[in-house]
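Only one structure is covered here, and it is reproduced in the block below.
Residue numbers run from 1 in the order of the sequence given.
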Amino acid sequence: MNNVRTVSDTKRTFYSLHTRPINTIYRRVVEELMVEMHLLSVNVDFSYNPIYALGVVTTFDRFMQGYQPERDKESIFHAICQAVEQEAQRYRHDAERLQTLAKSLAANDLIAWLSQTNHLNQDPDLQLQLQAIANNSQFKYNRLFAIGLFSLLEQSDPDLVKDDKQRTDAINTIAAGLHLSEDKLSKDLELYRSNLEKMSQALVVMADMISADRKKREQRQQQSTAPVTPPTANE
């Protein structure tokens, strides 16, 4: 009997946990992330690792920027994780641990560590994870893992990821060291950066529309409450 959970099962669980409506512009973000996590969770070659967790958290936090009401964001994140039978706190904890680590390292040291050309002692658990990935020919590469790697570089040196040559060299070095496809890694990260830009533009447009609508409402309210001056008699 096949007991593998379906995408429909996961979505049904999510919407039973987070019952408040989700703003239209963000609904696609939430569902695409949830489906991506679901498909990985049921893949026999996939295994959880902290870099993947950082990719999940980064994706959620970056694409959910500006979400209102703000208090609903954590409820949505918890529901996504629970829907794929994972613990949100584990994701948050591992993401924060890696972000703190990346900020403490120079970019060159981080790149050397991630590419396994130099071993550091700051985080033995991550060191073992990196070695396992590099030595596992069946490692299930995925877009969220790529975003986790990018987030580490961004935390270590924000200027590096903005420079095309430095970013490309870093990504290629890491891909070679971990035995990942340079082409897949580069394409996934270019798409990620492009989607971030599109989301930022959409949020600007939405903010402008909300501001314009607010001004119109205020003008109508002022007009409706303005005192009416009776006409002056001619005689």
Any salt bridge linking Glu31 with Arg28? Criterion: basic side-chain nitrogen under 4.0 Å from a carboxylate oxygen. no
Could I get the full list of side-chain contact (heavy atoms from CB on, under 4.5 Å) partners for Thr100, not counting sequence neighbours? none
List the atom of Ala95, the atom of Ala53, and the distance in Å for their closest heavy-atom pair. CB-O, 4.5 Å
Given side chains that start at C-beta, do those of Ile22 and Tyr67 come closer than 4.5 Å, heavy atoms only? yes
Less than 4.5 Å apart, any side-chain heavy atom of Lys187 and any of Asp183? yes
Between Asn23 (side chain only) and Gln68 (backbone N and O only), is there a donor and an acceptor less than 3.5 Å apart? yes
Any side-chain heavy-atom pair of Leu39 and Val7 under 4.5 Å: yes
Who pairs with Ser16 by side chain to side chain donor-acceptor pair (under 3.5 Å), at least two apart in sequence or on another chain? none
So do the side chains of Met64 and Val30 get within less than 4.5 Å of each other, counting heavy atoms only? yes
Compile the donor-acceptor pairs under 3.5 Å between side chains in residues 169-178 and protein atoms, sequence neighbours left out, one pair per line.
{"residue": "Asp169", "atom": "OD2", "partner": "Lys165", "partner atom": "NZ", "Å": "2.7"}
{"residue": "Asn172", "atom": "ND2", "partner": "Thr168", "partner atom": "O", "Å": "3.4"}
{"residue": "Thr173", "atom": "OG1", "partner": "Asp169", "partner atom": "O", "Å": "2.8"}

About how many Å separate CG of Asp163 and CG of Asp157, when rounded to the nearest 0.5 Å? 9.5 Å
Salt bridge present between Arg167 and Asp159 (N-O < 4.0 angstrom): no
Walk me through whether Thr6 and Ser8 qualify under side chain to side chain donor-acceptor pair (under 3.5 Å). CA-CA 5 Å; Thr6 66; Ser8 295; 4.5 Å; no
Quick one, Asp125 and Pro50 - any side-chain contact, counting heavy atoms below 4.5 Å? yes
Please report, to 0.1 Å, the donor-acceptor pairs under 3.5 Å made by any side chain of residues 75-91, with sequence neighbours excluded.
{"residue": "Ser75", "atom": "OG", "partner": "His18", "partner atom": "ND1", "Å": "2.8"}

Test Met199 against Tyr26 for side-chain contact (heavy atoms from CB on, under 4.5 Å), laying out the working first. CA-CA 9 Å; Met199 189 66 173; Tyr26 296 96; 3.6 Å; yes
Tell me, do Leu114 and Leu149 make a side-chain contact under 4.5 Å, heavy atoms counted? yes
Checking the side chain of Thr58 only, and the main-chain atoms of Leu54 only, is there a donor and an acceptor separated by less than 3.5 Å? yes
Would you mind reporting whether Leu185 and Tyr141 have side-chain heavy atoms less than 4.5 Å apart? yes
All side chain to side chain donor-acceptor pair (under 3.5 Å) counterparts of Asp45, not counting sequence neighbours: none
Hey, is the main chain of Arg71 close enough, under 3.5 Å, to the side chain of Glu74 for a donor-acceptor pair? no
The test is side chain to side chain donor-acceptor pair (under 3.5 Å); show your working for Glu154 and Gln99 and say whether it passes. CA-CA 9 Å; Glu154 194 172 34; Gln99 287 171 331; over 6 Å; no
Do the side chain of Thr10 and the main chain of His38 share a donor and acceptor less than 3.5 angstrom apart? no
Under 4.0 Å between a Lys/Arg side-chain N and an Asp/Glu carboxylate O for Arg20 and Asp72? yes
Compare all side-chain heavy atoms of Ile133 with those of Phe145 and state whether any distance is below 4.5 angstrom. yes
Quick one: salt bridge (charged side-chain N to carboxylate O under 4.0 Å, His left out) partners of Glu197, sequence neighbours excluded? none
Above 12 or not: heavy atoms from other molecules or residues under 6.0 Å from CZ of Arg27? yes
